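Read through the structure below, which is laid out as structure tokens, and then see the notes.
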Amino acid sequence: MAYDYEKFKDAVFALTKIDLNAYKERQMKRRIDALITKHGIKGYENYVQVLKTDKARFEEFVNYLTINVSEFYRNPDQWVVMDKEIIPELIGKYGKNLKIWSAACSTGDEPYSLVMALSRHIPLNMIRITATDLDKQVIAKAKVGLYSEKSIAAVPADFKKKYFTKVGLSYKISDEIKSRVDFKEHNLLESGYPKDYHMIVCRNVLIYFTEEAKDEVFRKFYQSLAPGGILFIGSTEQIINHKDIGYERKNSFYYERPKK
């Protein structure tokens, strides 16, 4: 395409504060080119003008960039470890007023899963999750709380019965669970990071980032954790230099900021 992709990346950053340099270029460029072709738009320059003037296209673009593949209790074995080991350990360290952040939370499947998992150990009215994403559209979807049958397939049967209502072919999560989550916009590569979290959950997002961007985010998560706090990452991820950053690896998916 005639319009320089580097210039396009600068224009996108000015519009969205999303830094495309942090993503693997070939993969991201292919996604963007497919979207431009789908709408019959001639090149990056014209597409930038569309993004500036057409709110629906702009929202679609941001949604397309932020890869939203999510489901409740994704990789159930890891949630068994959460239930049997991680939550009891955190309660032992900090009591039941746990401070938990679901970063890049997509359509809410993950923070709502966290509320349910915690509810086996802590009264529901004591649970508070901060959930963030850079995509306004997915946050809006999360607040609605309507999910497909496939999305909730791994939810434990008792929770499915207790907290979901069938609406047509979809399932709506109860206000009881929704009310325990605070949704906010946050860009992992641009926004400031909150402090003193007892657990941070960020799964299957950083696989799309460059090694440099991953390293930056993992270091910032480390600083965001309280001493003794836990980072829970995805099954396709690992922190290769976790010792250099200061983490202790508890198992393949859980990393701890040790108490000094």
Side-chain angles (χ1 to χ4, degrees), residues 73-75 78-106 108-134 139 142 177-207 209 213-235 237-260:
Y73 281 80
R74 191 172 187 178
N75 310 114
Q78 296 169 30
W79 290 87
V80 171
V81 175
M82 167 88 73
D83 180 50
K84 303 291 184 197
E85 298 176 30
I86 302 300
I87 294 173
E89 183 181 319
L90 290 174
I91 291 170
K93 286 178 187 172
Y94 306 111
K96 292 189 174 181
N97 284 307
L98 294 176
K99 195 174 172 188
I100 296 173
W101 176 18
S102 173
C105 67
S106 189
D109 315 44
E110 186 176 89
Y112 293 146
S113 295
L114 281 166
V115 174
M116 288 186 283
L118 286 160
S119 75
R120 294 215 189 275
H121 305 266
I122 299 171
L124 207 52
N125 64 4
M126 289 181 69
I127 298 168
R128 192 94 250 153
I129 308 286
T130 299
T132 64
D133 203 280
L134 62 75
I139 288 175
I177 298 295
K178 285 202 291 187
S179 67
R180 310 323 304 163
V181 181
D182 297 316
F183 288 99
K184 299 174 184 176
E185 282 182 62
H186 183 274
N187 185 329
L188 287 172
L189 296 166
E190 296 295 328
S191 305
Y193 277 49
K195 295 288 185 186
D196 299 320
Y197 276 86
H198 302 131
M199 181 162 62
I200 298 172
V201 181
C202 185
R203 307 180 67 225
N204 307 302
V205 175
L206 301 187
I207 50 171
F209 286 20
K214 280 184 207 173
D215 182 70
E216 180 187 338
V217 171
F218 284 137
R219 288 177 186 278
K220 286 180 176 177
F221 281 152
Y222 183 87
Q223 294 302 323
S224 282
L225 286 168
I230 302 288
L231 174 64
F232 179 22
I233 65 171
S235 59
E237 298 162 334
Q238 56 180 315
I239 310 176
I240 296 164
N241 61 333
H242 68 274
K243 288 181 182 173
D244 293 340
I245 297 173
Y247 289 108
E248 285 181 4
R249 185 174 175 178
K250 294 182 74 65
N251 69 21
S252 299
F253 316 109
Y254 291 96
Y255 292 79
E256 180 178 8
R257 175 178 176 170
K259 288 189 171 180
K260 298 300 181 195

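Quantities reported herein were computed from a predicted structural model and do not represent experimental measurements.
You'll find the side chain of Asp196 reaches within 4.5 Å of the side chain of Lys99, heavy atoms only. Side chains of His121 and Asp83 form a contact here, defined as non-hydrogen atoms less than 4.5 Å apart. Counting heavy atoms from C-beta outward, Leu118 and Arg180 have side chains that stay 4.5 Å or more apart. The shortest side-chain heavy-atom distance between Ser252 and Gln238 does not fall under the 4.5 Å cut-off. Between Glu89 and Ile230, the closest side-chain pair of non-hydrogen atoms falls below 4.5 Å. Counting heavy atoms from C-beta on, the side chains of Asp215 and Ile245 come closer than 4.5 Å. At least one side-chain heavy atom of Gln223 sits less than 4.5 Å from a side-chain heavy atom of Lys195. Val217 places a side-chain heavy atom less than 4.5 Å from the side chain of Tyr193.
In this structure, Met199 and Met82 approach most closely via the heavy-atom pair CE-SD, 3.6 Å. Among all heavy-atom pairs drawn from Ile177 and Leu124, the shortest one is CD1-CD1, 4.2 Å. Minimum interatomic distance between Ser102 and Glu110 (heavy atoms only, all atoms of both residues): OG-OE1, 2.9 Å. Of all non-hydrogen atoms in Tyr247 and Leu225, the two that sit nearest each other are CE2-CD1, 4.0 Å. Heavy-atom minimum distance, Gln78 versus Ile233: OE1-O, 3.9 Å. Contact record, Cys202 with Leu188: SG-CD1, 4.2 Å, taken as the closest heavy-atom pair.
To the nearest 0.5 Å, atom OH of residue Tyr222 and atom CZ of residue Arg257 are 5.0 Å apart. From Ile91, atom CD1 reaches atom CD1 of Ile86 across 12.0 Å, with rounding to the nearest 0.5 Å. Between the CZ atom of Arg203 and the OG atom of Ser113 there is a distance of 9.0 Å, given to the nearest 0.5 Å. Atoms NZ and CD1, from Lys214 and Ile239 in turn, are 10.5 Å apart once rounded to the nearest 0.5 Å. Note that OH of Tyr73 is 5.0 Å distant from CE of Met116, once rounded to the nearest 0.5 Å. Separation of atoms CZ (Arg74) and OG (Ser106) is listed at 9.0 Å; rounding is to 0.5 Å.
Side-chain N or O atoms of His186 include none that pairs as donor or acceptor with a backbone N or O of Ala131 at under 3.5 Å. Put simply, the side chain of Ser224 gets close to the backbone of Pro194: a donor and an acceptor are under 3.5 Å apart. A donor-acceptor contact shorter than 3.5 Å links the side chain of Lys93 to the backbone of Gly228. Judged by distance alone, the side chain of Tyr94 and the main-chain N or O of Gly229 form a donor-acceptor pair under 3.5 Å.
Under the side-chain contact (heavy atoms from CB on, under 4.5 Å) criterion, Ala142 pairs with Phe183, sequence neighbours left out. Ile207 pairs by the side-chain contact (heavy atoms from CB on, under 4.5 Å) definition with Thr236, Glu237, not counting sequence neighbours. Applying the side-chain hydrogen bond (donor to acceptor under 3.5 Å, both in side chains) criterion to Thr132, with sequence neighbours excluded, gives Trp101.
Using bins of under 30°, 30° to 60° and over 60° for the plane-to-plane angle, the ring pair Phe232/Tyr254 lands in the parallel bin.
When each of Leu98, Val115, Val201 is paired with Ile129, the side chain to side chain contact (heavy atoms under 4.5 Å, CB included) condition holds for Val115 and for no other.
For an aromatic pair to be called close, the ring centres must be under 6.0 Å apart, and His242 with Phe218 fails this.
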For this session: Under the side chain to side chain contact (heavy atoms under 4.5 Å, CB included) rule, what do Phe253 and Asn75 come out as? Steps first, then yes or no, please.
Result: CA-CA 11 Å; Phe253 316 109; Asn75 310 114; over 6 Å; no

Problem set entry | Full working for salt bridge (Lys or Arg N to Asp or Glu O under 4.0 Å) between Lys250 and Glu85 | CA-CA 10 Å; Lys250 294 182 74 65; Glu85 298 176 30; over 6 Å; no

